[in-house]
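Have a look at the structure below before the remarks.
All values below come from the heavy atoms of this structure, side chains included, with hydrogens, waters and symmetry mates left out.
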Amino acid sequence: MAVATPLLKDELDIVIPTIRNLDFLEMWRPFFQPYHLIIVQDGDPSKTIKVPEGFDYELYNRNDINRILGPKASCISFKDSACRCFGYMVSKKKYIYTIDDDCFVAKDPSGKDINALEQHIKNLLCPSTPHFFNTLYDPYRDGADFVRGYPFSMREGAPTAVSHGLWLNIPDYDAPTQLVKPHERNTRYVDAVMTIPKGTLFPMCGMNLAFDRDLIGPAMYFGLMGDGQPIGRYDDMWAGWCTKVICDHLGLGIKTGLPYIWHSKASNPFVNLKKEYNGIFWQEEIIPFFQAATLPKECATVQQCYLELSKQVKEKLSTIDPYFTKLGDAMVTWIEAWDELNPTGDNLAKLSIADGPAKK
């Protein structure tokens with residue numbers, strides 16, 4: 001029997017941030033091996049990261065990031081999983097799937113292994129319904145459709161820019177919740193995918209996430225966090241807030257729900273509290289800022305939208321802390337670096353990266 005070709009085999013990169021050997025890939029081998037991996041090594045660049053045999057990958061460490069981006073490398077976080085967004089920038093594929101190295105293959109209620117990547121791809125290839133909620137959740141799914149009263153003029157839906165997956169076992173909690181519920185585990189598998197409505201923000205988790213790089217890539221900046229910054233563990237949420245505002249403006253959709261992965265390791269709540277401490281206070285002002293944020297009609301590209309947001313961040317959030325001026329500047333640097341590595345126009349070929357990273 002002929003083996004089916006994996007979906008989007010030549011159009012998708014898997015981006016993994018890590019500080020350790022990638023033994024977790026063994027469990028993912030049946031699903032990931034056909035795809036190209038971009039591994040972003042955090043921390044000490046002199047440390048050698050081992051990758052199991054048989055995977056097609058390129059690995060970048062901090063020295064590579066500094067060499068490729070030069071002074072603009074300052075926008076890539078250090079000692080923080082936000083370093084993964086460098087992988088988004090250097091990818092040349094249309095789609096990205098990013099996963100943390102403590103995430104394993106989950107099982108559905110029947111005991112079957114869940115091919116998370118395949119489900120993400122299905123989510124991205126189907127339209128979203130951000131403008132009108134369908135009470136049967138995803139109307140494009142087998143066995144579902146638009147319910148009575150759903151406007152026919154809206155049934156074409158909107159392009160899906162982001163697929164946000166969930167996790168069984170260790171929930172994605174903040175430090176205070178971790179401290180009061182240290183033994184809580186997520187055992188509830190909900191067989192549903194839904195579109196997050198227009199005008200509604202959400203807390204985006206980067207550990208099991210896919211997106212259409214062509215549609216929304218430049219907005220997927222995980223912020224300036226980690227070493228030397230007064231905040232951590234808000235990198236993926238920052239990207240989620242910015243992305244949602246831009247998707248709403250450009251008429252794009254974001255889906256959440258399936259697929260699940262198995263999150264195996266809870267990070268230390270006391271370490272997390274130290275990283276999140278400022279963010280817990282600041283988010284009470286950051287979220288109203290994003291809820292009220294509007295972008296002018298002239299902003300027609302993701303880059304234009306993002307630069308406008310960076311201006312508003314500096315104008316309106318810098319009163320909270322000078323860090324937000326630095327973050328706004330980093331957002332601009334990120335877009336400049338993105339455009340350098342991803343030039344557009346009829347006469348511009350994709351730039352090749354001289355002296356590339358370790359390849360396998």
Side-chain angles (χ1 to χ4, degrees), residues 40 60 62 65-78 80-91 96 161-162 204 206 211 213-232 234-250 252 278-279 282-283 285-287 289-290 292-345 348 350-351 353:
V40 184
Y60 297 89
R62 194 71 202 187
I65 294 171
N66 290 339
R67 186 187 72 252
I68 291 164
L69 295 186
K72 293 185 175 67
S74 61
C75 71
I76 304 296
S77 300
F78 186 57
D80 191 273
S81 70
C83 68
R84 78 178 81 217
C85 60
F86 177 76
Y88 310 159
M89 185 188 284
V90 296
S91 170
I96 296 286
V162 181
M204 190 172 84
F211 59 93
R213 187 176 174 277
D214 286 357
L215 283 181
I216 201 64
M220 276 288 176
Y221 176 46
F222 275 42
L224 191 61
M225 309 263 168
D227 202 40
Q229 308 305 331
I231 185 175
Y234 274 82
D235 51 319
D236 43 7
M237 286 179 281
W238 181 263
W241 297 328
C242 293
T243 294
K244 187 60 168 65
V245 168
I246 293 171
C247 282
D248 286 353
H249 176 74
L250 295 178
L252 304 171
N278 284 324
W282 292 348
Q283 70 184 6
E285 295 181 64
I286 295 171
I287 291 169
F289 161 76
F290 280 109
T294 56
L295 300 170
K297 284 180 182 171
E298 301 82 69
C299 290
T301 67
V302 176
Q303 282 95 326
Q304 288 168 348
C305 291
Y306 203 74
L307 291 173
E308 172 62 27
L309 260 186
S310 73
K311 199 190 311 176
Q312 294 183 25
V313 165
K314 286 193 277 189
E315 284 172 6
K316 298 180 180 177
L317 292 182
S318 294
T319 53
I320 302 174
D321 192 274
Y323 160 73
F324 288 96
T325 301
K326 192 196 290 189
L327 176 56
D329 288 338
M331 292 167 72
V332 174
T333 304
W334 159 263
I335 292 296
E336 290 171 353
W338 180 283
D339 284 347
E340 277 184 23
L341 290 182
N342 301 278
T344 54
L348 281 171
K350 295 277 189 182
L351 288 183
I353 300 167

d(Leu327 CG, Leu317 CG) to nearest 0.5 Å is 8.5 Å

Please report the shortest heavy-atom distance between Ala239 and Met204, naming the atom on each side. CB-CE, 3.8 Å

By side chain to side chain contact (heavy atoms under 4.5 Å, CB included) - contacts of Ala337 (at least two apart): Leu69, Lys72, Met89

Which heavy atom in Gln303 sits nearest to a heavy atom in Asp339, and how many Å separate them? NE2-OD1, 2.9 Å

Shortest non-hydrogen contact from Ser310 toward Val332: OG-CG2, 3.4 Å

Residues in ring pair (Phe, Tyr, Trp, His ring centres under 6.0 Å) with Phe290, at least two apart? Trp238, Trp241

How long is the straight-line distance from CD1 of Ile286 back to CZ of Phe324, given to the nearest 0.5 Å? 3.5 Å

Test: salt bridge (charged side-chain N to carboxylate O under 4.0 Å, His left out). Region: residues 219-232. Which pairs qualify, not counting sequence neighbours? none

Between the side chains of Glu308 and Gln304, does any donor sit under 3.5 Å from an acceptor? no

What pair of heavy atoms forms the shortest contact from Ala219 to Ile246, and how long is it? CB-CD1, 3.8 Å

d(Ile96 CD1, Arg213 CZ) to nearest 0.5 Å is 6.0 Å

Least distance between heavy atoms, Ser318 atom then Thr325 atom: OG-OG1, 2.7 Å

Under 3.5 Å donor-acceptor, Ser74 side chain and Ala330 backbone: no

Using the test side chain to side chain contact (heavy atoms under 4.5 Å, CB included), find all partners of Glu285 that sit at least two apart in sequence or belong to another chain. Ile320

Those residues that, when tested against Pro322, pass side chain to side chain contact (heavy atoms under 4.5 Å, CB included) (two or more places apart): none

Which of these passes ring-ring contact (aromatic ring centres under 6.0 Å, His included) with Tyr88: Trp338, Tyr60, Phe222? Phe222

When rounded to the nearest 0.5 Å, the distance separating CE of Met331 from SG of Cys242 is 4.0 Å

Using 0.5 Å steps for rounding, measure from the CE atom of Met225 to the OH atom of Tyr234. 9.5 Å

Listed once per pair and sorted, the salt bridge (charged side-chain N to carboxylate O under 4.0 Å, His left out) pairs that draw on residues 318-330, sequence neighbours left out: Lys314-Asp329

Once you round to the nearest 0.5 Å, how far does CD of Glu298 lie from SG of Cys305? 10.5 Å

